[in-house]
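Note on naming: letters A, B, ... go to the chains in the order of the sequence lines (proteins, then strands), and numbering restarts at 1 for each one.
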Amino acid sequence: GQNIDQPTEMTATEGAIVQINCTYQTSGFNGLFWYQQHAGEAPTFLSYNVLDGLEEKGRFSSFLSRSKGYSYLLLKELQMKDSASYLCAVRNQAGTALIFGKGTTLSVSS
Amino acid sequence: DGGITQSPKYLFRKEGQNVTLSCEQNLNHDAMYWYRQDPGQGLRLIYYSQIVNDFQKGDIAEGYSVSREKKESFPLTVTSAQKNPTAFYLCASTQWGTENSPLHFGNGTRLTVT
């Protein structure tokens, strides 16, 4: 089976840096995805990691350690519009579907 | 522009009625998915289809049914057997084949059953 854990809620201030952690247990690993979801809207793709290390994409970066079953999403220079839920997801063992964690709700204040 | 269309955005039904949620994509993707989202629960997989005329149960398939008669369409029927159908339903598609193929989501249908 698969299990994905993320903190439920986080708060931060504009301009700051925040790290959202995700730990997972899977029967086989086929890649990890991060999505952003604003309230009442569809999730949008942020990043993908399949090898260990850091993937940087503008203000957002994602890190993966397969040996530790651990990933984080790093958001720099926070803006109010970054207030959203951030979803960590891994592929199922067959590689045919994504299994999501419960998501982390980030609140950015001024 | 290519994308995924879910309709309607809001749907209201009486308990005991079946209801069908529409999902259409023009991205030419082979794989399509239905997820359910409840507050504090994240996205949970209901059904998915890798190819026309074939589909598999996800983690919470009980009380739901699907069909995949055309590549573009993957309707979800919420039956009266589903004990707690009120939720936000998201349809998604992707083209597996490259490792980092992300899921593309529709805008969702919010179903309320009273």
Side-chain angles (χ1 to χ4, degrees), chain A residues 1-9 20 22-24 26-51 53 55 57 60 62 64 66 71 73 84-105, chain B residues 3-7 9-10 23 25 27 29-51 54-61 66 68 74 87-112:
Chain A
Q2 289 167 293
N3 190 47
I4 303 169
D5 287 313
Q6 305 177 235
T8 304
E9 293 179 341
I20 302 174
C22 171
T23 58
Y24 62 89
T26 58
S27 310
F29 181 74
N30 288 305
L32 186 143
F33 294 78
W34 283 96
Y35 283 82
Q36 179 191 60
Q37 186 181 26
H38 287 99
E41 298 182 8
T44 55
F45 169 70
L46 289 178
S47 69
Y48 170 77
N49 294 74
V50 68
L51 299 176
E55 295 281 340
K57 210 186 265 190
F60 293 3
S62 57
L64 176 68
R66 289 173 295 171
S71 174
L73 181 68
S85 286
Y86 291 86
L87 310 174
C88 174
V90 296
R91 285 207 180 121
N92 62 358
Q93 188 173 7
T96 53
L98 283 192
I99 307 302
F100 284 82
K102 293 185 178 181
T104 299
T105 300
Chain B
I4 301 177
T5 302
Q6 289 187 245
S7 60
K9 190 173 175 67
Y10 298 97
C23 178
Q25 55 101 357
L27 299 167
H29 286 167
D30 285 320
M32 297 187 74
Y33 302 81
W34 275 105
Y35 288 90
R36 168 184 173 140
Q37 189 171 34
D38 297 280
Q41 290 291 324
L43 274 66
R44 291 185 289 168
L45 183 63
I46 306 172
Y47 266 100
Y48 62 103
S49 168
Q50 297 293 299
I51 198 167
D54 188 41
F55 47 82
Q56 289 77 39
K57 292 180 179 180
D59 299 320
I60 55 163
V66 293
R68 187 85 187 277
F74 191 41
F88 187 46
Y89 290 87
L90 285 160
C91 179
S93 72
T94 192
Q95 188 64 34
W96 299 123
T98 55
E99 272 192 340
N100 61 348
S101 305
L103 289 184
H104 298 262
F105 285 89
N107 286 327
T109 292
R110 192 168 294 280
L111 173 66
T112 302

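Contact annotation: the side chain of B:L43 never approaches that of A:L98 to less than 4.5 Å [non-hydrogen atoms, C-beta and beyond]. The shortest side-chain heavy-atom distance between A:Y35 and B:L103 falls under the 4.5 Å cut-off.
Only the side chain of B:L45 comes within less than 4.5 Å of a heavy atom of chain A; its backbone N, CA, C and O stay farther away. Looking at A:Q6, there are no atoms closer than 4.5 Å to chain B (heavy atoms on both sides), in backbone or side chain. Only the side chain of A:L87 has a heavy atom closer than 4.5 Å to any heavy atom of chain B. Contact annotation for A:N49: neither backbone nor side-chain heavy atoms come within less than 4.5 Å of a heavy atom of chain B. Contact annotation for B:R44: neither backbone nor side-chain heavy atoms come within less than 4.5 Å of a heavy atom of chain A. Contacts between B:L90 and chain A at a heavy-atom distance below 4.5 Å involve the side chain alone, from C-beta outward.
In terms of non-hydrogen atom pairs under 4.5 Å with chain A, the most contact-rich of B:H104, B:Q6, B:Q37 is B:Q37.
For B:P102 against A:F33, the heavy-atom pair with the smallest separation is CA-CE2, 3.8 Å. For the residue pair A:Q37 and B:F88, the shortest heavy atom distance occurs at NE2-CE2, 4.2 Å. Of all heavy-atom pairs between B:G106 and A:A42, the closest is O-CB, 2.9 Å.
With sequence neighbours left out, A:D5 forms a salt bridge (charged side-chain N to carboxylate O under 4.0 Å, His left out) with no residue at all. In this view, B:Q56 and B:Y48, B:Q50, B:D54 satisfy the side-chain contact (heavy atoms from CB on, under 4.5 Å) rule, not counting sequence neighbours.
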